[in-house]
2 protein chains.
Amino acid sequence: MEKKNIRIKDIAQLAGVSIGTVDRVLHNRGKVSEEALQKVLSTLREIDYKPNLIARTLGTKKVFRIAVIIPDPAQDEYWAQAHIGIRHAAAEWDQYDVYVETHFFDLYHKESFLQLTQSAHLTKPDGIVIAPIFYHEALHFLHQCQASKIPFVIFNTNIPEIHPLSFIGQNLFDSGRVAAELMSLGQDLPGTFAVLHVNEASENSIHLLDKQRGFEHFFKVKNQPEFKTMALDITETEEAKLLKQVQGLLKDNQLKGIFVTTSKGTSTIAGILEKLGNKDLRLIGYDLLPENVEHLQAGTIDFLINQNSKHQTFLGIQHLANFLFLKKEPPARNLLPLEIITRENVNSYLGSALPQT
Amino acid sequence: MEKKNIRIKDIAQLAGVSIGTVDRVLHNRGKVSEEALQKVLSTLREIDYKPNLIARTLGTKKVFRIAVIIPDPAQDEYWAQAHIGIRHAAAEWDQYDVYVETHFFDLYHKESFLQLTQSAHLTKPDGIVIAPIFYHEALHFLHQCQASKIPFVIFNTNIPEIHPLSFIGQNLFDSGRVAAELMSLGQDLPGTFAVLHVNEASENSIHLLDKQRGFEHFFKVKNQPEFKTMALDITETEEAKLLKQVQGLLKDNQLKGIFVTTSKGTSTIAGILEKLGNKDLRLIGYDLLPENVEHLQAGTIDFLINQNSKHQTFLGIQHLANFLFLKKEPPARNLLPLEIITRENVNSYLGSALPQT
DNA sequence: GTGAAAGCGCTAACAT
DNA sequence: ATGTTAGCGCTTTCAC
């Protein structure tokens, strides 16, 4: 309680060397004689030295640049939220000379992604936070980063085989299971549930399949064959044709609910159902986008699962900045909880979007 | 990008005074002539000075002591979780000479609380984090703290009229509404729902009523008179008698579900229902206590609303320490989201109990 | 290889 | 009332 923390000065004293030498062995930089090394190491073994991270940062004048690579926020509200998280984190760090540079690519064109990663790489950032939407291109780019020793944090969609410094996201399979659970609750047998991948670029839909598989898995495990699921890719963007497609679905009078696997698609489908005056179907989708929240409150959407892209990016930068600045190892995987949002608890989520740090 | 942050030295230069003077006006300590004051204030107005909080802490050698006052963790798993959050926060801060001293009172004896607050007060802490379980005694104590200028953070149960530095908790009324929503989902009319306040000390039950009122409010608003609610205080601790009481409830064959307003009570009731072989009733309760999680996974409990006492205490200390150490004002109210936990998403919550900071 | 010393931005004690 | 200065614990530079 009264004992002050051990300082590197103390270690120097105990080991009978100068603080410069201690610093050198602590960070193994510069040259140290075998003898001095042993002396320092042995005293380090005896005491519990915890460096004062705060002081550390003062002494250094290094500035860090973090490159963030995400889809254009203007294209999609989900990514607009992600951008908010980035700006929050950036604001927190820029007074400590950790600068965040954002690079936006076109969500629907992998060439744009490819190009952007290359130009981002040329800026020689100290670290990268990236949403690796396009698998192959991302894989290639991240190998580049490994070669040039640039640490990177992945969020939203994982590429486990690349071993990022940290991955931030959700278990999408489980996410589908949660949707299925909420879908089936209190529903009468028999019934059909539709899984809709509403997505202009089928490119992205690889990870949407995880959600679908989780959804189907739930019923398999429960052994409820009277509940059927059917999946459908919807890449249609034209309003009228879309409406037709949904009307086709509704012909099945066993249809009890729809699970939409994308955040943007959620409000699209909700809008159509409202137009068709259909309020009985249970509708489950993703994310607290303003439009979705409206439909939730209107009663068209029953549940939203929150992927919290804002928080994901915030944490991504937080982890990377702490790693660069304070040498704090982040968790290899930071799986966010599968938050269930309803009409009654949505307000409690809207207020406290970002954790206080 | 290249411009370094503004330092107090820069301000001094611009205002044509010494850094000592600038420091004095920034913290209005010591004496400053009107003229110097104006010079500094006007340059401050022109530039955007953000103090380097990291450097600030280095220069000061003050040690802070935070007193935390909570029920004995040994008495109740909910408070054991709270204690975990405290230890986490304490570990983070003790290298910066912010020390946390915990004081445990007896959850069932207000005298114990009274006594403990007094002895805690005698230790002259620099700040207090408290769960004000016993309203009147807490009110009195907190007035004392105000008189002796000790800042305090309240969590778990609010006492708004005392204006704490910060309150951390949930909206209990809304929490009841969420429970009602989950309770009624997909249930056939007509039906009865029981609200059980399972609580050895009815003392604490004042705030449980908020949950009940929220629960009832939901049905009132929905205008569903075929759904009836009935509330019951259960202070019984004897296993056999308790079982009798629940059996009595079950006689009502319109009973569709039970809402338990306490975390400990949740597993108690779940245990009884399991013993009675009743799996059809919908059971909703509170918190991710190990026993509750077991019953959730077993299927007896359908939903848990997470009050996250661990996070509450963690944030409480975090806010107070940041306030003392870095002079960061915390939010006056920090309402945590009303997390809905089910069989399918519980794992995603168990992993990531505490946010990374 | 090693030690000594300057300095990071700020606070606090000391002169004036 | 105001300016100057010595640290805080660490990094970094510069002599030896």
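The sequence lines fix the lettering, A, B, ..., with proteins before strands; numbering per chain opens at 1.
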How many whole angstroms separate atom [atom1] of [X] from atom [atom2] of [N]?
{"X": "Asp10(A)", "N": "dC10(D)", "atom1": "CG", "atom2": "C1'", "answer": "13 Å"}
{"X": "Asn52(A)", "N": "dT11(D)", "atom1": "CG", "atom2": "C1'", "answer": "13 Å"}
{"X": "Leu26(A)", "N": "dG9(D)", "atom1": "CG", "atom2": "P", "answer": "15 Å"}
{"X": "Leu326(A)", "N": "dC10(D)", "atom1": "CG", "atom2": "C1'", "answer": "13 Å"}
{"X": "Arg7(B)", "N": "dC8(C)", "atom1": "CZ", "atom2": "P", "answer": "7 Å"}
{"X": "Leu324(B)", "N": "dT11(C)", "atom1": "CG", "atom2": "C1'", "answer": "17 Å"}
{"X": "Tyr96(B)", "N": "dC8(D)", "atom1": "OH", "atom2": "C1'", "answer": "14 Å"}
{"X": "His27(A)", "N": "dC10(D)", "atom1": "NE2", "atom2": "C1'", "answer": "9 Å"}

Check: Taking for each residue the nucleotide of DNA chain D bearing the nearest heavy atom, is the 5' side occupied by Lys50(A) or by Gly16(B)?
Finding: Gly16(B)
Next item on the list: Let me know, please, whether Arg24(A) or Lys31(B) comes out on the 5' side of the other along DNA chain D by nearest nucleotide.
Entry: Lys31(B)
Would you indicate what [X] reaches in the nucleic acid, counting non-hydrogen atoms under 4.0 angstrom: base, sugar-phosphate, or nothing?
{"X": "Ile19(B)", "value": "base"}
{"X": "Tyr49(B)", "value": "sugar-phosphate"}
{"X": "Asp23(A)", "value": "base"}

Note to self: Whether the side chain of Asn322(A) engages the backbone of Gln318(A) through a donor-acceptor N/O pair (distance < 3.5 Å, no angle test) should be reported.
What the structure shows: yes
Checklist line | Check: Glu101(B) side chain, Val68(B) main-chain N or O, donor-acceptor pair, under 3.5 Å | finding: no
Check: Looking at dA12(C), dG3(D), dC8(D), which one has an atom nearest to any side-chain atom of Leu58(B)?
Finding: dC8(D)
Check: Which residue lies toward the 5' end of DNA chain C, Thr57(B) or Thr21(A), if each is placed at its nearest nucleotide?
Finding: Thr21(A)
Next item on the list: Assess whether side chain to side chain donor-acceptor pair (under 3.5 Å) is satisfied between His121(B) and Ser148(B), documenting all intermediate values.
Entry: CA-CA 9 Å; His121(B) 191 254; Ser148(B) 36; 2.9 Å; yes
Note to self: Walk me through whether Phe152(B) and Ile150(B) qualify under side chain to side chain contact (heavy atoms under 4.5 Å, CB included).
What the structure shows: CA-CA 6 Å; Phe152(B) 51 85; Ile150(B) 303 176; 5.8 Å; no
Next item on the list: Show your reasoning for whether side chain to side chain donor-acceptor pair (under 3.5 Å) applies to Tyr96(B) and Asp94(B).
Entry: CA-CA 5 Å; Tyr96(B) 302 117; Asp94(B) 84 348; over 6 Å; no
Margin query: Would you say Arg56(B) places a side-chain N or O within less than 4.0 Å of OP1 or OP2 belonging to dC8(D)?
Written below: no
